[in-house]
Amino acid sequence: MTSFPNYGKLSGNTLEALRAGHRQDVEIDPNKRNPADFALWKKAGPNRALKWPSPWGEGFPGWHIECSAMSMEYLGDSFDLHAGGEDLMFPHHENEIAQSESVTHKPLARHWMHVRFLLVDGRKMSKSEGNFYTLRDLLLKGYKASAIRLALISVPYRHQLNFTFDGLTEATNAIERLRTFYRRLTTTAFAEGTNPAMQAAAEKAQAEYMEALANDLNTAEARAPIFDLLRASNTAIDQGQFFAGDRDAVLGVLDSFDVVFDVLEDRDASATERALAWAEKEGRMADVAPELLARQGLSDEAIDALVAERTRAKKMRNFARADQIRNELAEKGVVIEDSKDGVRWKRK
RNA sequence: GGCGCGGUACCCAAGUGGUAAGGGAGAGGUCUGCAAAACCUUUAUGCGCCGGUUCGAUCCCGGCCCGCGCCUCCA
C-alpha cells in the first residue's frame, strides 16, 4: 500500500484519511506490512475446492487480483469503461487500480461508472425491513415488465432512486401514453407531405434527446424532449396539420428513444406469463394479484369479437348493450378507444 | 469518527449565477351518444434551515439538520 502513492484517488479514502477515521473493530494482522494491505494470493485451506500451486504454497487469487488479471488478459492494460455498484468503489476498485497501475504504470480505466443503489420506500432494500422484492414478485403483483424497466431507468444511474409502488404506477401510465401515441402514429392514415414546423420539432427533439444521453446518460432529461414532441404531434394531428412525412420523422425519433428505453412495443405478456408459470409450478398462486388472474383469462380473439359486437350495437344505437360490453371488458383490464379511424383497444 | 452522494411543487424528477424541464396525480374546459384517447387552462416569488460572497443564488462558500452508501473477515 505504502508503495503506491496514488491510493485513494478514486474513492477519496487515502491512507491518511483511513488512518484518521479507522474503525474500532479492525484487527491487526501480523502478516501485513501495513494494515491497509490486502491479499493478492490467499492460502488454500484443506476444504478449498479451487486451488493452484504457487511458490508460496497451494492457494487461490484474492478477489481484487482476479479482476485485474481478467481485464489485463482480455481488455489490455488500459480500457475505456469500468462499471460497478457504488459499494465496490472502495475497496475493490481502489485495489484493482493499485495492483494494475503498479504493474503497468498506465491508467486502468479511462472512465468509471458507479451505479447508486436504490431505496425502497425511502429505505435500503433488505429482507429484514420487509421491503425486498424480486422482479418476479412485481410481475405477480400485476406490474408490467416495461413499467419496472422504465421506473428504474428514469432516474440517472448516478442518482439514488427511491423505488415505490406509486412510482411503478406512474411509469405504467407514462408507458400507456407513449404507446397510445405510437399506435396513433402507426395506425392513422396521414396525407402525403410534411409540416415544416413538425419537421423542425422532430429535429429539435432528436438533438435534445441525444444531448441528454451524451450528458452522462441523463435519462431523466432525455425523456423530456420525447414528451414534448409527443404533445406537439398530437396537437398537429388534432388540427390536421400532420402528414406522412412528419410521421416518418417522429417515428425516427421514437425509434432512437426506444433503443434505450424499450417500451413502445408491448412485449409484456411473455414476462408475466413466465412469472405465472413459475408461480404455478412452485405452488405460489396465492401470491398472484387477483386482478392479474382476471386479466389473463381473455384471449385477443375473444376481445376482438366483443369489440366487434359492441360496434354493431353502437351502429344500431343500442348504447345500453355497447356500454355493457365496454364495462365487461374494463373489468378485465381492457380499455376501448373510439376514434375517427376506428375502434382501438388495449390491455391496461 | 473518516470518505463520498443527496435534500426542488401533492408524488416522482431534470436543471442553471439572471429569475424553475418533463412525467404522474388533482381541478376546470374542448371533443364524444356517454366514455376513453387527445388537446387547452391550472397546481413552487419557490428549490432542507441559517449566514456569507455577488448588481443578482435554488445553483458558489461556510455552518447546521435530515436521508443514503462505503470504511479493507466474504465475493
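Only a predicted model underlies this, so the values are computations on that prediction, with no experimental measurement involved. Order of the sequence lines fixes the chain letters, A, B, ..., with proteins taken first and strands second; residue numbering starts at 1 for each chain. Side chains are part of it too, since the values below use all heavy atoms of this structure and drop only hydrogens, waters and symmetry mates.
Of the possible polar contacts, none joining the Asp216(A) side chain to the Asn218(A) backbone as a donor-acceptor pair under 3.5 Å is found. At distances below 3.5 Å, not a single donor-acceptor pair connects side-chain atoms of Asp246(A) with backbone N or O atoms of Met198(A). Remark: the backbone N or O of Ile153(A) is paired with a side-chain donor or acceptor of Thr219(A) at under 3.5 angstrom. Although no hydrogens or angles enter the test, the distance criterion places a donor-acceptor pair under 3.5 Å between the side chain of Asn327(A) and the main chain of Asp323(A). Judged by distance alone, with hydrogens and angles left aside, the side-chain atoms of Ser256(A) form a donor-acceptor pair with the main-chain N or O of Val253(A) at under 3.5 Å.
Mapping Arg158(A) and Pro225(A) onto RNA chain B by nearest heavy atom places Arg158(A) at the nucleotide closer to the 5' end. Comparing Phe117(A) and Thr169(A), the nucleotide of RNA chain B nearest to each residue sits closer to the 5' end for Thr169(A).
In this structure, Phe163(A) and Tyr133(A) have tilted ring planes: the angle between them lies in the 30° to 60° band.
Look at CD on Glu170(A): it is 7 Å from C1' on C11(B), rounded to the nearest Å. Rounded to whole angstrom, the span from the NE2 atom of His159(A) across to the P atom of G6(B) amounts to 7 Å. As a whole-Å value, the separation of Arg149(A) CZ from G23(B) P is 21 Å. With rounding to whole Å, Phe60(A) atom CZ is found 10 Å from A75(B) atom C1'. Remark: P of A75(B) and CD of Glu96(A) are 14 Å apart, rounded to the nearest angstrom. Rounded to a whole Å, the CG atom of Leu178(A) is 12 Å from the C1' atom of G22(B). In this entry the distance linking CZ of Phe163(A) with C1' of C68(B) reads 18 Å, nearest Å. We find that CG of Leu152(A) is positioned 21 Å from P of G23(B), with the value rounded to whole Å.
Here the side chain of Arg116(A) is nearest to one of G23(B), A13(B), C68(B), namely C68(B). With A21(B), A75(B), A13(B) as the choices, the nucleotide that has an atom nearest any side-chain atom of Ala224(A) turns out to be A21(B). Taking the side chain of Glu221(A) as heavy atoms from C-beta on, and the options A14(B), C71(B), A13(B), the nearest nucleotide is A14(B).
Residue contacts shown for Asp228(A) are limited to sugar-phosphate atoms, with no base heavy atom under 4.0 Å away.
Spacing of C1' atoms, G24(B) relative to U43(B), comes out at 13 Å, to the nearest Å. One C1' atom belongs to C61(B), the other to C73(B), and the distance between them is 42 Å to the nearest Å. Comparing the C1' positions of C10(B) and G46(B) gives an interatomic distance of 15 Å, to the nearest angstrom. Comparing A44(B) with U58(B), their C1' atoms sit 11 Å apart, to the nearest whole Å. Across the P atoms, U30(B) and A36(B) are found 14 Å apart, a figure rounded to whole Å. G29(B) sits 42 Å from C66(B) when the C1' atoms are compared, rounded to a whole Å. C59(B) and G1(B) have their P atoms separated by 26 Å, given to the nearest Å. On the P atoms, U16(B) is 13 Å away from A21(B), given to the nearest whole Å.
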Q.
Pair Lys346(A), Glu176(A) - check side chain to side chain contact (heavy atoms under 4.5 Å, CB included), show working.
A. CA-CA 9 Å; Lys346(A) 64 184 177 190; Glu176(A) 271 199 33; 3.3 Å; yes
Q.
The test is side chain to side chain contact (heavy atoms under 4.5 Å, CB included); show your working for Asn234(A) and Phe181(A) and say whether it passes.
A. CA-CA 8 Å; Asn234(A) 271 326; Phe181(A) 174 61; 3.7 Å; yes
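For the salt bridge (charged side-chain N to carboxylate O under 4.0 Å, His left out) with Glu337(A), the lone residue among Arg184(A), Arg183(A), Arg179(A) that qualifies is Arg183(A).
When base pairs are accepted only as Watson-Crick or G-U wobble with both N-N or N-O distances under 3.5 Å, RNA chain B takes part in stems of 3 or more pairs at B:1-7 with B:65-71, B:10-12 with B:22-24, B:25-30 with B:38-43, B:48-52 with B:60-64.
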Q: List the protein contact pattern of nucleotides 26-38 of chain B with one symbol per nucleotide (5' to 3'): B for base contact, S for sugar-phosphate-only contact, - for none; contact means a heavy-atom distance under 4.0 Å.
A: -------BBBBSS
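Residues forming a side-chain hydrogen bond (donor to acceptor under 3.5 Å, both in side chains) with Trp278(A) (at least two apart in sequence, or on another chain): none. For Trp112(A), the ring-ring contact (aromatic ring centres under 6.0 Å, His included) partners two or more places apart in sequence, or in a different chain, are His82(A), His93(A), His114(A).
Ile336(A) belongs to a hydrophobic cluster whose other members, connected by ILVMFWY side-chain contacts under 4.5 Å either directly or through intermediates, are Leu298(A), Ile303(A), Leu306(A), Val307(A), Ile325(A), Leu329(A), Val334(A), Val343(A), Trp345(A).
Between Tyr143(A) and Phe165(A), the ring center distance clears the sub-6.0 Å criterion.
Using a 4.0 Å cutoff on non-hydrogen atoms, the parts of residues 189-220 of chain A near RNA chain B are Asn218(A), Ala220(A), ordered by number.
With hydrogens and angles ignored, no donor-acceptor pair closer than 3.5 Å exists between the side chain of Gln160(A) and the base of G6(B).
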